[in-house]
Structure formats: C-alpha cells, structure tokens
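Here the structure comes first, spelled out in structure tokens, and everything after it is commentary.
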Number of protein chains: 2
Amino acid sequence: MARITAADRRQQLIDAAFRVMTRDGVAAASTRAIAAEASAPLASFHYVFSSKEELLREVTESLVEKMLGAAMDGLELTGDVSSSLRHGLHNLWEVTEGTAAEQQMLFELAQHSLRTPGLEDLARWQYERYFGATAQYLEAIADAAGVQWAPSVKVARRVLMSFLDGLLFGWLVDRNSKEAREAIDAFVESFATLAVPRTIVAPGSASADQARRAA
Amino acid sequence: MARITAADRRQQLIDAAFRVMTRDGVAAASTRAIAAEASAPLASFHYVFSSKEELLREVTESLVEKMLGAAMDGLELTGDVSSSLRHGLHNLWEVTEGTAAEQQMLFELAQHSLRTPGLEDLARWQYERYFGATAQYLEAIADAAGVQWAPSVKVARRVLMSFLDGLLFGWLVDRNSKEAREAIDAFVESFATLAVPRTIVAPGSASADQARRAA
DNA sequence: GTCTATAAGGAGATAGAC
DNA sequence: GTCTATCTCCTTATAGAC
C-alpha cells in the first residue's frame, strides 16, 4: 500500500485548510473540517502538526507572502508621483477584488490572532510586513520622481496603508466597486500633495538626522 | 420570592454580552458565558431571546448607535476646513483610543455578520450607518466653510471613512499611537485639498444635477 | 412562569490497536 | 508508521419538573 509521507500529508492539510478558510471562513476551519477536506483521517492532523496554532502560523505566513508578491507585481513606476500611484493602486485594486476570499481570510486571520493567547505576535508580524512593503513602494516612487515624502516615509506609508486597508474592509462589506475606484482616484490626487521636493541637508545636522530616521 | 421580569432579564443578558464581548471577544461570547456573566440560568437565555442571532442584532445596533453618538459629540466646526478636520479627527481619535475594546468588538461583529448566513445585512447596515454619519460630518464642514467636496461627498466620505477604519484596525494591531496621530495630521493636510470653491450653477443644467447627486 | 437537566452534536487532542 | 476509537470539554437549544 502506497503510504503518504509526513511532508506530503502536511502540505495536503495546509492546502485543505486554505480551501476551507477561503470558502467558509477561519472560524469554520476546525481540524475535523480540514482533515475531511483533505480526505485524511483526523488523527493525521496531530501527527504532522503539534497543534492547530502551528497550522495557522504556516497558513498565515504563506498567504501574506503570496499576496504581497501578487500586489507588488503590477506596480510600475513612471517619473510622475500621481500617475505612478494611480496606476499602481488601480492595479493593486484589480488584484484585490480578484482575490476577495483571500483578502477576507487575511482580515479574519489577523483578528483571530489578536484574540488568541500566544498568537498575538502573528498579527503584529502580518501588519509589519504590510507596512514594510508599503514603505518600500513609496520609497521607490519617491526615488523615481526625485522627491521625498512629508513629513516622513513612516507616516506617509501609514496614511496609504490605512486608506487601502479600510477601503478593502468597507468593500468586503458593501462590494461597491465603482465608489472604491473613484475613492482611489480622489485619494491619489490628495495624497500626492505629500510628495515634496527633496531638500539638500548638511550631513550631521538635525534635519539630516530626521531625513535618515524618516527613510 | 422577587422574580425578575422578562424585560429586565433581557437587558441583563444584553449588558452581560457586552461585557463578555469587550473582554474576551465576540467568538468567546457563548450563550453559556453570557448567562454566567449575568448570573442567570442558561435556559433564561432562550426564554427571552429566540436565538443567539437576535441578541447579536440588538447588541450590534445599540453599540453602533452609541459609538456614533460619542464620535459625533466632539466635532466642533470652525470656518476653516483644515482646522475643523484636524480638531474633529483628533477628538474622534481620543474617543477611539479610549474605547479600544468596543472598537475591536465592532470589527469582530462586522466580520462575524459577514460570515454568518442570515446576518449579512447587519454588517451592511453597520457600514451604511458609518458612511451616512461621515457624509453628514463632511457636509457640515463644507457648509461652515462655504466650500464643496470634489468629486462628490459620496466619494470624499469613502476616502475619509476608509482612512479612519484602516487607521483603527492597524492601531488595534500595533498600538502605535504616535504614528497614528501623525498620520491623521498628514491625512488632513492632503485630504483638505478635496475641498474646492463652490461653483454656482444654472438650475437644471448637467452640473446642477451633478451637484444635487453629490449632496 | 422559571429553571434543572438533558439532548444532540462539534471542538481539540491522544491512547493504543494494527 | 498510521489511523480507529475515544476522552474531555464545549456549543445551541429544549423538554419537562417544579
């Protein structure tokens, strides 16, 4: 009889968990439901995972990295801040609407992590990855256009990330795609005013320190 | 023996549900946990509520209205769009950080409603209330300053609501209050550029229609 | 009219048969 | 090395004793 290896079983269960969570939600993804989805006996779950928490960590980490990869893909740069942002965010929004189930799952995973003792760091890691990727994107735009972000990249990325995350959550509720797209255009127009000409600062000065911290 | 009336029992259970959900999360608020918190026998739950869904609707509706009332309270208007927004949003943020548990509970309620068959309309109602209140606020600012929102109040309120909702979710994860406040300042500065001079339009013209729709 | 006791089923985790 | 069968505890809901 062709037995399955532990590594293969592990991957089967991760894939099954992913399907159950996108289809029925994170709360519905019991070890039983996951094992059934994978056509695996229930005991095989605890044979390859020490606990459900271990599976949640793997699923979260791989989905976050996958979505960040997909999101960063369509972000082309032109010399102009406004048009870079506009094209980049509309591209991102296409990906987002096309992966609605995964997006909802990511929200649920973050919320679940926040409430589960021992899992709080996972939600924090997830959002640090988001914030890091957003900062990277804004830096790239600023470099291409020869500008800098006011008052700092740190603050600008929080403004952008907050808008996008909130836009997504609101859209998951009301699915108003038209208004979401119009909101992106209006946001880009106003947000671009935070891109200001680069100031040349003397090394070691207070504003040089500030510029370094901001980067 | 002084027996309790059904109406009193109902209110006791609602209050208890509120305490359990703010303390332990919506997912932890089982009928047992709620009844225990209210020091009531478990069966009294289904004596006054036909189902758990009925309780969730009551809890959600009363909390949304309560938070909207608290949020709208500190929103003073000056003649200037930027300073009105800045003071208003910082005031709102004070309330928000001071009611973190309730805010997290509202996210959880919305997410739970979205995933629960028969409860989807509750999440939609919740966000319609948010969007309605935000539009009202933006209208009041525009009236006080004698300006209008571009491209429309509908779109501007979605930009503002998205930013605030996303800022809140991000803060619930990383609790970075300093960055959140700085993000509000940066956002206000850029968002205020969507307030433009009012155009006087001939009644019945295409742009008059547009202005009416926008209102 | 109120609540004890129980039904009916789902959860995570594991002992021990094979 | 794999999985059947079970343990313990949890859930919503209700029958029926008082």
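Any value given below was found using the heavy atoms of this structure, including those in side chains, with hydrogens, waters and symmetry copies removed. Fair warning: this is a prediction, and the values are worked out from it, not measured in the lab. Naming: A, B, ... by sequence-line order, numbering from 1 per chain.
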**Asked** For A:Ala195, what residues pass the side-chain contact (heavy atoms from CB on, under 4.5 Å) criterion, not counting sequence neighbours?
**Response** A:Val81, A:Val147, A:Trp149
**Results of side-chain contact (heavy atoms from CB on, under 4.5 Å) for B:Leu75 - residues two or more places apart only** = B:Met72, B:Tyr137
Just the rounded figure in Å: distance from [atom2] of [N] to [atom1] of [X].
X       : N      : atom1 : atom2 : result
A:Leu13 : D:dT2  : CG    : P     : 13 Å
B:Phe49 : C:dT2  : CZ    : C1'   : 17 Å
A:Ile34 : C:dA11 : CD1   : P     : 10 Å

**Message:** Considering only residues two or more places apart or on different chains, which pairs with a residue in residues 49-58 of chain B satisfy salt bridge (Lys or Arg N to Asp or Glu O under 4.0 Å)?
**Reply:** B:Arg10-B:Glu54, B:Arg10-B:Glu58, B:Glu53-B:Arg57, B:Arg57-B:Asp121
**Request:** For residues 11-21 of chain A, pull every pair meeting salt bridge (Lys or Arg N to Asp or Glu O under 4.0 Å), keeping only residues two or more places apart or in separate chains.
**Result:** A:Arg19-A:Glu37
Would you tabulate the nitrogen or oxygen pairs shorter than 3.5 Å linking the protein to nucleotides 13-16 of chain D?
| unit_1 | atom_1 | unit_2 | atom_2 | d |
| --- | --- | --- | --- | --- |
| D:dA13 | OP2 | B:His46 | NE2 | 2.7 |
| D:dA13 | OP2 | B:Lys52 | N | 3.4 |
| D:dA13 | O5' | B:His46 | NE2 | 3.2 |

**Prompt:** Could B:Arg158 and A:Glu182 be called an ion pair, given the rule that one side-chain N must be under 4.0 Å from one carboxylate O?
**Reply:** no
Under the side chain to side chain donor-acceptor pair (under 3.5 Å) test, which residues partner [X], sequence neighbours left out?
X        : answer
A:Asn176 : A:Glu179
B:Thr78  : B:Ser83, B:Ser84
A:Thr99  : A:Gln103

**Message:** Among residues at least two apart in sequence or on other chains, which ones pass salt bridge (charged side-chain N to carboxylate O under 4.0 Å, His left out) with B:Glu94?
**Reply:** B:Arg181
**Asked** Residues two or more places apart in sequence or in another chain: which of them pass salt bridge (charged side-chain N to carboxylate O under 4.0 Å, His left out) with B:Asp24?
**Response** none
**Fill in**
Ordered by number, residues from residues 16-30 of chain A within less than 4.0 Å of DNA chain D (heavy atoms) are none
**Asked** Using the C1' atoms of the five pairs at each end, what is the angle between the end axes of the helix from C:dG1-D:dC18 to C:dC18-D:dG1, to 10°?
**Response** 20°
